Amino acid sequence: MTTELEETYDFQYPEIYKQLAENKMLDWGEAGPDWHLTVFPQLKKNPPLLLFGYDIEIWDDPQLVRAFIEEMSDEEDYRNIHPDYQFVPFAKNGAGDLYAFQFDLQNNGEIPITLIPHDDEEAEVLAGNLQDFIFRQLLEAVTEIDEDAMFYEDDEEDLKQNLYHQLKTHEPYLKPSQVAILKNIYQRDIFEYTYKVPNGRTFEAEGLVTFDEVAEIINKEIAFDQLNKKFNYTKC
């Protein structure tokens, strides 16, 4: 998968992504109406990449990536992405927004990860590389724990077991310091807290970590000059 796309479109995936592909960590199993009943229970035992991440679905189909790259060069494409930006998507969220490697920001082999909205012209840089993006995803996944969370179980002990199973399969792709932070957070009890959004409204949530604490950890652990930068991807 990776080699064919790299040769066709003249780019190089980061080594960690190739390792994930080689180790079958990008494979979420065959999609279908019974996925949650037939495939998901088996995946929970050895979770592939970000199975319990924060609203994300990994693409393991090169045709989806190929279609996006082809569309980027089409002047009629609704996204109207400026040709100076070099995006290669690898996942999407429930709203249809894309997570992509941004190769035009590549620096010393580090390829940032950017969120490309499906209904907005403003993209956002989420991490300086795939390793830090994985860490950020695992952190953000436990800010709000409810029945919509992929790892949710009625029993909190079983819920935690899902998280530890995921950490075990993801540990080879994280820094030791990142693993230590996640282990510390997973040891907590779920608690209630209040958070405020930019417009001033407040909401109640239950989780293992607050949004404010996640922001502090991110700014300390994965900081780089483009972190959280927003930009209009139709202009350059």
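Nothing here was measured: the structure is a model prediction, and the numbers come from that model.
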- request: Determine, stepwise, if the pair Lys160 / Glu156 fulfils side-chain contact (heavy atoms from CB on, under 4.5 Å).
  value: CA-CA 6 Å; Lys160 294 283 193 68; Glu156 186 172 334; 3.9 Å; yes
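- Residue His118 comes nearest to Gly96 through the heavy atom pair CB-O, 3.6 Å, listed as atom of the first residue, atom of the second, then distance.
- Trp59 places a side-chain heavy atom less than 4.5 Å from the side chain of Lys92.
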message: What verdict does the side-chain contact (heavy atoms from CB on, under 4.5 Å) test give for Leu49 and Ile134, after you've listed the backbone C-alpha separation in whole Å, the side-chain angles of each residue and the deciding distance to 0.1 Å?
response: CA-CA 8 Å; Leu49 181 62; Ile134 293 171; 3.7 Å; yes
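- Atom-to-atom distance recorded for Gln86:CD and Ile69:CD1 is 10.5 Å, nearest 0.5 angstrom.
- The salt bridge (charged side-chain N to carboxylate O under 4.0 Å, His left out) pairs that include a residue from residues 32-44 are Lys44-Glu153, where partners are two or more places apart or lie in different chains.
- Taking each heavy atom of Leu50 and Trp28 in turn, the nearest pair found is O-CZ2, 3.4 Å.
- In the displayed structure, Asp10 atom CG is contacted under 6.0 Å by at most 12 heavy atoms of other residues, nucleotides or ligands.
- In this structure, the separation between CG on Leu130 and CD1 on Ile113 is 5.0 Å, given to the nearest 0.5 Å.
- The two residues Gly29 and Val39 have their closest heavy-atom pair at CA-CG1, 4.0 Å.
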- prompt: Would Phe52 and Leu138 count as a side-chain contact (heavy atoms from CB on, under 4.5 Å) if you check the C-alpha gap in whole Å, the side-chain angles of each, and the deciding distance to 0.1 Å?
  reply: CA-CA 8 Å; Phe52 301 136; Leu138 297 181; over 6 Å; no
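- Relative ring orientation between Tyr17 and Phe90 is described as perpendicular, the plane-to-plane angle rising above 60° on a 0-90° scale split at 30° and 60°.
- Contacts classified as salt bridge (charged side-chain N to carboxylate O under 4.0 Å, His left out) and involving residues 125-144 (residues at least two apart or in different chains) are given here: Asp132-Lys175, Arg136-Glu140.
- Residue Tyr54 belongs to no hydrophobic cluster, having no ILVMFWY side-chain heavy atom closer than 4.5 Å to its own.
- For Asn199, the CG atom is densely surrounded, since the number of other residues' heavy atoms within 6.0 Å is greater than 12.
- With contacts defined as side-chain heavy-atom distances shorter than 4.5 Å, the pair Glu70/Tyr9 qualifies.
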message: Quick one, Asn219 with Leu227, criterion side-chain contact (heavy atoms from CB on, under 4.5 Å). Give me CA distance, side-chain angles, the key distance, then yes/no.
response: CA-CA 8 Å; Asn219 288 330; Leu227 184 64; 3.9 Å; yes
- request: Just do the ring pair (Phe, Tyr, Trp, His ring centres under 6.0 Å) check on Tyr85 and Phe103 with the steps written out, would you?
  value: CA-CA 8 Å; Tyr85 296 120; Phe103 282 90; over 10 Å; no
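- Side-chain contact check for Asn93 versus Ile56: every heavy-atom pair is 4.5 Å or farther apart.
- Every pair passing ring pair (Phe, Tyr, Trp, His ring centres under 6.0 Å) that includes a residue from residues 29-49 is listed here, sequence neighbours excluded: Trp35-Phe40, His36-Phe40.
- Side-chain contact between Asn228 and Val125: absent, with no pair of heavy atoms (C-beta onward) separated by less than 4.5 Å.
- Contacts classified as ring pair (Phe, Tyr, Trp, His ring centres under 6.0 Å) and involving residues 153-183 (residues at least two apart or in different chains) are given here: Tyr164-Tyr186.
- The side chain to side chain contact (heavy atoms under 4.5 Å, CB included) search around Asp27 returns Asp60, not counting sequence neighbours.
- Judged as a side-chain hydrogen bond (donor to acceptor under 3.5 Å, both in side chains), and not counting sequence neighbours, the contacts of Asp104 are Gln102.
- Looking only at distances, a side-chain donor or acceptor of Glu6 sits under 3.5 Å from a matching main-chain atom of Tyr13.
- Among residues two or more places apart in sequence or in another chain, the salt bridge (charged side-chain N to carboxylate O under 4.0 Å, His left out) test is passed with Glu15 by Lys18.
- A salt bridge (charged side-chain N to carboxylate O under 4.0 Å, His left out) check over residues 188-216, counting only residues at least two apart or in different chains, returns the pairs Arg188-Glu213.
- Among pairs with a residue in residues 226-236, none fulfils salt bridge (charged side-chain N to carboxylate O under 4.0 Å, His left out), at least two apart in sequence or across chains.
- Not counting sequence neighbours, the partners of Asp155 by the side chain to side chain contact (heavy atoms under 4.5 Å, CB included) test are Glu157, Asp158.
- In this structure, Glu22 places its CD atom where only 12 or fewer heavy-atom neighbours from other residues, nucleotides or ligands lie under 6.0 Å away.
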- request: Evaluate the criterion ring pair (Phe, Tyr, Trp, His ring centres under 6.0 Å) for residue pair Phe87 and Phe68; output intermediate values, then yes/no.
  value: CA-CA 9 Å; Phe87 298 122; Phe68 176 85; 7.2 Å; no
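- Through chains of ILVMFWY side-chain contacts below 4.5 Å, Phe211 is grouped with Phe191, Tyr193, Tyr195, Val197, Phe203.
- A donor-acceptor contact closer than 3.5 angstrom links the side chains of Glu110 and Asn129.
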field: ring pair (Phe, Tyr, Trp, His ring centres under 6.0 Å) assessment of Phe231 paired with Tyr233
entry: CA-CA 6 Å; Phe231 61 95; Tyr233 60 72; 7.5 Å; no
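- Of the inter-residue distances, the one linking Leu163 atom CG with Leu182 atom CG reads 9.5 Å to the nearest 0.5 angstrom.
- Annotation: the span from Leu105 atom CG to Ile111 atom CD1 amounts to 10.5 Å, rounded to 0.5 Å.
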